[in-house]
S.K.: 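Quick one: structure below, then a few questions.
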Amino acid sequence: MPAPSLDILVSLCKRRGFIFPGSEIYGGLANTWDYGPLGVELKNRVKKQWWKTFVHKRPDMIGVDASILMNAKVWEASGHVSNFTDPLVDCKSCKSRFRGDKLLEEKIGVEAVTVLTLDQIQPMLMAEKIRCPTCGKVNWAPAKKFNMMFKTHQGVVEDDAALVYLRPETAQGMFVNFKGIIDTMRMRLPFGMAQIGKAFRNEITPGNFTFRTREFEQMEIEYFFDPSASSWEMIFEEWKKIQWDWFVSLGLSPTHMRFREHSKEELAFYSKRTIDIEYLFPWGWGELAGLANRTDYDLSQHEKCSGQEMKYTDPDDPTKKFLPHVMEPTFGCDRSVLTFLLEAYTEEKLPNDETRVVMKFDPRLAPVDIAILPLSKKEHLLAKAQELYKKVMQETDLVCDFDVTGSIGKRYRRQDEIGTPRAVTVDFGTLGEDEKQGERDTVTIRDRDTLKQERLGIGELIEKLKIS
Ligand code: GAP
């Protein structure tokens with residue numbers, strides 16, 4: 001059961017240390033979010049699973065980590081300087097600014113909006129009587145192109161020669177390294193490059209928690225192939241399935257996901273075909289990931305603009321030199337984390353009529369693997385529990401939490417709310433002081449989802465945890 005509302009999730013994230021509002025002690029900075037101790041573990045695990053699936057488990061993939069700051073010519077060549085724009089509209093009454101297309105989407109639908117030209121946006125806003133979300137008036141200025149790239153200057157002189165952009169996508173870091181990779185890594189087509197990293201977009205209307213922010217992380221793949229040897233349609237279908245399956249394998253319900261094909265008018269300037277994977281967020285369907293056939297657009301642009309040859313030479317026929325085409329499966333990292341959070345959120349009625357909130361993360365994503373909970377604060381019991389805590393940390397690769405604050409029931413609730421799959425209780429039985437609780441050197445392990453409890457010897461527990 002996904003979270004019933006975004007507010008409920010935002011509040012849990014803050015209360016439990018997943019995600020905090022950015023710069024909060026200074027009154028915040030709109031739409032910035034900081035991952036707290038549990039959030040960073042969750043996000044790192046999402047990235048780890050992604051890297052494992054798409055880099056380590058595939059002989060045809062390699063990873064890179066390119067710079068965020070790149071030569072400004074990269075963005076001229078890629079088309080971002082002239083084309084990476086959104087239609088900005090001003091409310092003439094209150095001077096608030098919005099994305100004209102987004103204002104219209106709710107009223108007339110995405111498909112109808114994508115066919116509109118820039119000049120048609122303001123007349124349509126007026127015709128549809130779309131009110132300004134700030135002042136409620138219908139008084140729009142004509143739409144203008146707004147480039148979403150953040151600009152800054154490199155070095156001490158703030159002139160045009162020092163202008164650099166914060167990358168709006170990680171993809172270009174892979175294209176500009178294509179030549180270096182084929183010269184050094186003995187890769188044969190088809191092969192892919194993968195990268196995880198920050199991207200920046202000066203979004204006109206960020207919002208919905210971490211869904212749309214100006215600083216975010218992407219997990220992107222550029223999969224190069226020979227268009228004369230492979231059918232792009234087949235490669236497209238393969239990646240579509242692989243991307244979908246990755247989300248499902250980590251816990252997203254297929255009933256909360258759908259594909260959305262981009263119409264011709266909506267296609268990005270570099271794409272021959274694009275499909276989004278959308279997720280049913282609490283406010284409606286929204287893009288989670290995408291797949292685009294970028295053809296040889298980027299490599300040919302970089303060849304033209306840099307003067308460097310970007311062609312691939314067929315190792316079986318050195319006379320065959322060509323620009324490979326590229327398929328681009330792209331995943332929003334923060335959006336993935338958000339969907340895993342939403343999907344994990346579960347409210348359950350217990351037999352005593354209480355409701356427990358439990359984050360049912362896939363155990364591979366849960367920020368804490370196991371919690372050690374001493375039944376009481378008595379010193380000798382604490383010492384035994386701490387001994388076990390150290391043992392688990394030293395002898396296994398698990399992230400282990402030690403929690404002694406509050407009643408045992410409260411501590412179970414807390415671990416449920418952060419999604420810890422297993423909790424181990426150390427009691428007076430463990431110490432050999434109360435046979436009713438259990439035998440000496442045994443502990444109780446509780447399963448987050450089934451609530452089943454099992455009594456295990458400490459040695460047996462450690463062996464089990466080593467292989468889990
Ligand atoms: N290289 C292709 C590319 O950047 P995109 O659809 O613009 O394509 C890829 O972005 C993914 O990045 C999206 O599917 C989405 O998950 C994520 N994304 C895009 N803009 C975002 C934003 N402002 N905040 C958070 N995630 C964003």
Side-chain angles (χ1 to χ4, degrees), residues 6 19 22 30-33 35 43 46-47 50 64 66 68 70 74-75 78-80 83-86 99 101-102 110 114 146-150 165-176 192-223 239-240 243-244 246-247 252 257-262 266-279 281 283 285-295 297-299 301 326-342:
L6 193 60
I19 302 175
N31 300 295
T32 60
W33 299 97
Y35 287 83
K43 194 177 190 188
V46 169
K47 292 194 263 189
W50 190 89
V64 293
I68 288 173
M70 303 175 81
V74 169
W75 305 108
S78 69
H80 284 80
N83 295 318
F84 197 58
T85 57
D86 272 339
R99 256 180 80 172
D101 55 340
K102 290 284 161 201
V110 184
T114 51
F146 176 77
N147 194 298
M148 286 192 285
M149 283 198 292
F150 274 100
Y165 299 98
L166 302 190
R167 65 181 179 200
E169 61 169 11
T170 61
Q172 296 303 323
M174 294 185 264
F175 295 126
V176 299
M193 290 161 82
Q195 178 167 224
I196 300 177
K198 292 259 179 172
F200 302 82
R201 294 183 188 174
N202 200 0
E203 297 278 2
I204 299 170
T205 42
N208 284 332
F209 198 25
T210 55
F211 177 79
R212 194 180 303 284
T213 48
R214 295 187 170 115
E215 171 185 348
F216 56 95
E217 242 174 310
Q218 294 183 316
M219 306 184 289
E220 295 202 290
I221 293 166
E222 303 302 334
Y223 195 75
W239 275 107
K240 203 174 135 186
Q243 286 184 277
W244 179 277
W246 184 77
F247 285 113
L252 293 198
M257 290 160 63
R258 71 175 187 192
F259 289 114
R260 190 179 71 78
E261 183 87 35
H262 284 213
E266 195 189 349
L267 284 179
F269 54 91
Y270 51 71
S271 176
K272 182 168 177 169
R273 182 182 174 196
T274 297
I275 203 160
D276 289 342
I277 294 180
E278 293 191 332
Y279 181 79
F281 290 94
W283 61 89
W285 291 100
E287 179 185 344
L288 167 61
L291 174 63
N293 177 1
R294 289 179 84 126
T295 66
Y297 173 83
D298 300 272
L299 289 183
Q301 280 297 106
V326 71
M327 203 59 79
E328 180 185 71
T330 175
F331 301 66
C333 180
D334 304 88
R335 287 190 190 174
S336 300
V337 170
L338 179 58
T339 55
F340 291 128
L341 279 162
L342 284 163

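Ligands are counted one by one from 1 in listed order, and the atoms in each one are counted from 1 as well. Quantities reported herein were computed from a predicted structural model and do not represent experimental measurements.
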S.K.: Have a look at His80 and tell me which of Phe150, Tyr165, Trp75 forms a ring-ring contact (aromatic ring centres under 6.0 Å, His included) with it.
M.R.: Trp75
S.K.: Heavy-atom distance under 4.5 Å between the side chains of Leu288 and Phe247, does that happen here?
M.R.: yes
S.K.: With a 4.0 angstrom cut-off on heavy atoms, strictly below it, pick out the residues next to ligand 1 and order them by chain and number.
M.R.: Glu169, Ala171, Arg201, Glu203, Phe211, Arg212, Thr213, Phe216, Gln218, Glu220, Tyr270, Glu287, Leu288, Ala289, Arg294, Glu328, Thr330, Gly332, Arg335
S.K.: Check whether NZ of the Lys or CZ of the Arg Arg214 lies under 6.0 Å from the centre of the six-membered ring of Phe200 and within 45 degrees of that ring's axis.
M.R.: no
S.K.: Kindly determine whether Glu266 and Arg260 satisfy salt bridge (Lys or Arg N to Asp or Glu O under 4.0 Å), including the steps that lead there.
M.R.: CA-CA 12 Å; Glu266 195 189 349; Arg260 190 179 71 78; 2.7 Å; yes
S.K.: Between Asn83 and Tyr270, is any side-chain donor less than 3.5 angstrom from a side-chain acceptor?
M.R.: no
S.K.: Given Thr330, which partner from the list Glu220, Gln243, Glu169, Glu222 fulfils the side-chain hydrogen bond (donor to acceptor under 3.5 Å, both in side chains) test?
M.R.: Glu220
